[in-house]
Asks: 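Next up is a structure, given as structure tokens.
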Amino acid sequence: MRTVTVALGEREYPVRIGSQLIGQGGGIAEILPAPRAVIVTNETVGPLYGEALPAGLAGAGVEVLGVVQLPDGEEHKDLTTLARVYDELLGARADRKTAMVALGGGVIGDLAGFAAATYQRGVPLVQVPTTLLAQVDAAVGGKTGVNHPQGKNLIGAFYQPRAVIADTDTLDTLPDRELRAGLAEVIKYGLIRDPDFFEYLEGTAESVLARDREALGQAIHRSCQNKADVVAADEREADQRALLNLGHTFAHAIETGTGYTTWLHGEAVAAGMVMAAEASHRLGLLCGDDRERIRTLIGRCDLPVTGPPELSMGDYLRIMGVDKKADAGRVRYVLMAGIGGAFVTGDVPEEVIREAIEACR
Ligand code: NAD
Ligand code: GLY
């Protein structure tokens, strides 16, 4: 087992990464204020791991008061489903010391995390992420929330878990496409702040995709270490946490423009990172070789390096102009001054953005 610490003073917590963690209760018992928990999962993950986790927790002396099984899908990450979680917690007589254990991908982690942040003004939260994306990103760092009809993640809170238990065995059942989408966020860490890791991924991408235990474990560990470092330095996104949004301004346009139906988030981020590389190159910040390395690695991972053909330039610019990352009327982009040298800027000529998008059509 590998462990990463998210160093947040007295709210510091471990991210445990390894095999067979769920069946052993993940060491959760030691960090809970009381030996009681409610598990929140969905109808896909529940049947796969919704028995092993309660059994593991019971073996560690934690009583599971209930397993809340929600419908699967981003469309259920909303206030209606959240209200159902509160109802079930009340029905199970969960009190302020009863822990909430989120078992699933980022949708469950975000929703259950927000329920934990708000139920009885906050109960202990443990994240048990089961997608690659959630293991390397969503479950770490304390962003929780649900969507509103007017936009994604508009209702939420920063609320850190007591522990993150990333059981890599759960990735065995993850569809290939979801694994690849998670890999986009893994590559992102190399691009924003860890050039050696980017190089490591260039050497191991196929092994990671083939779910080689060592390569995958190493990729998750290094990703979590990067995320933990960023969160510890800037928990509330005053500055450097915004670097984690590399590619996301373009990705937001792709996801919104295609109605959130055809592209997975990680796929949109992949194409968005290629666009960010193009813009960086055009501004003289990223050499042609590095731009090609980025495009090549993303392509080798079977991730998109171009945007959806049906999205017009007007669509991109309109959607990005209203992006919530726009600051005082200026769209802020994450660009790269070399691989590993990401920075945020609101000073990018529209012409450069147009050219970058055009180069990825
Ligand atoms: P997801 O939670 O929808 O999971 C993807 C699919 O895989 C779902 O159908 C799910 O049921 C299924 N699944 C999960 N684990 C499985 C397993 N082990 N085996 C088989 N199937 C499994 O999607 P995701 O990509 O994990 O997360 C996306 C969500 O995460 C979005 O809502 C996004 O806003 C959020 N997110 C949050 C943060 C954050 O910092 N909080 C960061 C990134 C993304
Ligand atoms: N996924 C972006 C963040 O956690 O800040």
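Here the structure is a predicted model, which is why all the values come from computation and not from measurement. Remember, it's 1-based here, ligands and their atoms both numbered in the order they're listed.
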Asks: Before giving the answer on salt bridge (charged side-chain N to carboxylate O under 4.0 Å, His left out), spell out for Arg84 and Asp87 the whole-Å C-alpha distance, their side-chain angles and the decisive distance to 0.1 Å.
Replies: CA-CA 5 Å; Arg84 185 177 146 192; Asp87 291 346; over 6 Å; no
Asks: Knowing that exactly one of Leu57, Val128, Ile28 qualifies, which makes a side chain to side chain contact (heavy atoms under 4.5 Å, CB included) with Ile22?
Replies: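 For Ile22, the side chain to side chain contact (heavy atoms under 4.5 Å, CB included) test succeeds with only one of Leu57, Val128, Ile28, which is Val128.
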Asks: Below 4.0 Å, non-hydrogen atoms only: which portion of Asp72 touches ligand 1? Side chain, backbone, both or neither.
Replies: side chain
Asks: Under a 4.0 Å heavy-atom limit, does Leu171 contact ligand 1 with its side chain, its backbone, both, or neither?
Replies: neither
Asks: Considering non-hydrogen atoms of the protein only, which is the closest contact for atom 6 (C) of ligand 1, and what is the distance?
Replies: Glu178 OE2, 3.6 Å
Asks: Return the closest protein heavy atom for atom 1 (N) of ligand 2 as residue, atom name and distance.
Replies: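 Looking at atom 1 (N) of ligand 2, the protein heavy atom closest to it is Asp137 OD1, 3.0 Å.
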Asks: Minimum heavy-atom separation for Arg361 to Tyr316, with atom names?
Replies: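 For Arg361 versus Tyr316, the nearest heavy atoms are NH1-CE1, 3.9 Å.
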Asks: Who's the nearest protein heavy-atom neighbour of atom 30 (O) of ligand 1, and how far?
Replies: Gly106 CA, 3.3 Å
Asks: In the protein, what heavy atom is nearest to atom 4 (O) of ligand 2, and what distance, to one decimal place, separates them?
Replies: Lys227 NZ, 2.6 Å
Asks: Distance to 0.1 Å, residue and atom name: give those for the protein heavy atom nearest to atom 44 (C) of ligand 1.
Replies: Leu133 CD2, 3.6 Å
Asks: Residue-level breakdown please: for Leu174 versus ligand 1, do any non-hydrogen atoms fall below 4.0 Å on the side chain, on the backbone, on both, or on neither?
Replies: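 Both the backbone and the side chain of Leu174 come within reach of ligand 1.
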Asks: Around Gln120, counting heavy atoms of other residues, nucleotides and ligands shown, do more than 12 lie under 6.0 Å from its CD?
Replies: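 More than 12 within 6.0 Å, yes.
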Asks: Side chain, backbone, both or neither: which part of Lys143 comes within less than 4.0 Å of ligand 1 when only heavy atoms are counted?
Replies: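 Both of them.
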Asks: Which of the numbered atoms in ligand 1 are below 4.0 angstrom from a heavy atom of Tyr49?
Replies: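 So the answer, numbered in order with elements, is 18 (N).
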Asks: Just to be sure I'm reading this right: ignoring hydrogens, which of Val269, Leu103, Thr170, Leu70 gets closest to atom 18 (N) of ligand 1? Compare them by their nearest heavy atoms.
Replies: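 Selected option, by shortest heavy-atom distance: Thr170.
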Asks: With backbone taken as N, CA, C and O and side chain as the heavy atoms from C-beta onward, which portion of Lys152 lies under 4.0 Å from ligand 1: side chain, backbone, both, or neither?
Replies: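 For Lys152, only side-chain atoms sit under 4.0 Å from ligand 1.
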Asks: Pull out every atom of ligand 2 sitting under 4.0 Å from any heavy atom of Arg241, numbered as shown with elements.
Replies: 3 (C), 4 (O), 5 (O)
Asks: Of all the non-hydrogen atoms in the protein, which one sits nearest to atom 39 (C) of ligand 1, and at what distance?
Replies: Ala138 CA, 3.5 Å
Asks: Pick one of side chain, backbone, both or neither for how Thr144 approaches ligand 1, counting any non-hydrogen atom pair under 4.0 Å.
Replies: neither
Asks: Are Met275 and Tyr333 packed together at the side-chain level, in the sense that at least one heavy-atom pair is separated by less than 4.5 angstrom?
Replies: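 Side-chain contact under 4.5 Å: no.
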Asks: Answer with yes or no whether Lys227 contacts ligand 1, where contact means a heavy atom under 4.0 Å from a ligand atom.
Replies: yes
Asks: Indicate, with yes or no, if Leu174 and Leu303 share a hydrophobic cluster defined by side-chain heavy-atom contacts under 4.5 Å among Ile, Leu, Val, Met, Phe, Trp and Tyr.
Replies: yes
Asks: Could you check atom 35 (C) of ligand 1 against the protein and tell me its nearest heavy-atom contact, residue, atom and distance included?
Replies: Asp110 OD2, 3.4 Å
Asks: For atom 3 (O) of ligand 1, what's the nearest protein heavy atom and its distance?
Replies: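 Residue, atom and distance for the closest contact: Val107 CG2, 3.4 Å.
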Asks: Counting only nitrogen or oxygen atoms and a 3.5 angstrom limit, does Thr130 reach ligand 1?
Replies: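 Min N/O separation from ligand 1 is below 3.5 Å for Thr130.
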Asks: Apply salt bridge (charged side-chain N to carboxylate O under 4.0 Å, His left out) to the pair Lys188 and Asp137, showing each step before the final yes or no.
Replies: CA-CA 10 Å; Lys188 182 185 78 179; Asp137 187 1; 3.5 Å; yes
Asks: Tell me if a side-chain donor or acceptor on Arg300 pairs with a main-chain N or O of Glu202 at a distance below 3.5 Å.
Replies: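 The answer is yes, because a donor-acceptor pair under 3.5 Å joins these two groups.
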Asks: Considering heavy atoms of the protein only, find what lies nearest to atom 43 (C) of ligand 1 and give residue, atom and distance to 0.1 Å.
Replies: Asp137 OD2, 3.5 Å
Asks: Please work out whether the ring planes of His265 and His248 are parallel, tilted or perpendicular, with thresholds of 30° and 60°.
Replies: perpendicular
Asks: Enter the distance from Arg222:CZ to Phe198:CZ here, rounded to the nearest 0.5 Å.
Replies: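 Taking CZ in Arg222 and CZ in Phe198, the distance rounds to 13.0 Å.
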Asks: Would you indicate whether Gln20, at its atom CD, is surrounded by more than 12 heavy atoms from other residues, nucleotides or ligands within a distance under 6.0 Å?
Replies: no
Asks: Do Glu235 and Gln160 pair up side chain to side chain, a donor and an acceptor below 3.5 Å, judged on atom types alone?
Replies: yes
Asks: Tell me, with the steps shown, if Arg211 and Asp172 meet salt bridge (charged side-chain N to carboxylate O under 4.0 Å, His left out).
Replies: CA-CA 8 Å; Arg211 301 170 202 240; Asp172 288 347; 5.6 Å; no
Asks: Looking only at N/O atoms, are Lys188 and ligand 2 under 3.5 Å apart anywhere?
Replies: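 Checking ligand 2 against Lys188, no N or O pair falls under 3.5 Å apart.
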Asks: Students should be able to answer this: which protein heavy-atom is nearest to atom 17 (C) of ligand 1, and at what distance?
Replies: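 I find the closest protein heavy atom is Thr173 OG1, 3.5 Å.
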Asks: Among the clusters formed by ILVMFWY side chains lying less than 4.5 Å apart, do Val62 and Leu103 turn up in the same one?
Replies: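 In one cluster: yes.
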Asks: Does His265 have a heavy atom less than 4.0 Å from any atom of ligand 1?
Replies: no
Asks: Quick one: look at Leu48 and ligand 1, take heavy-atom pairs under 4.0 Å, and tell me if it's side chain, backbone, both or neither.
Replies: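 Contact part for Leu48 vs ligand 1: side chain (C-beta onward).
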Asks: Considering residues, nucleotides and ligands other than Arg213, do more than 12 of their heavy atoms fall under 6.0 Å from its CZ?
Replies: yes
Asks: What are the atoms of ligand 1, with element, lying closer than 4.0 Å to any heavy atom of Lys77?
Replies: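 Matching atoms, with element in brackets: 31 (C), 32 (O), 33 (C), 34 (O), 35 (C).
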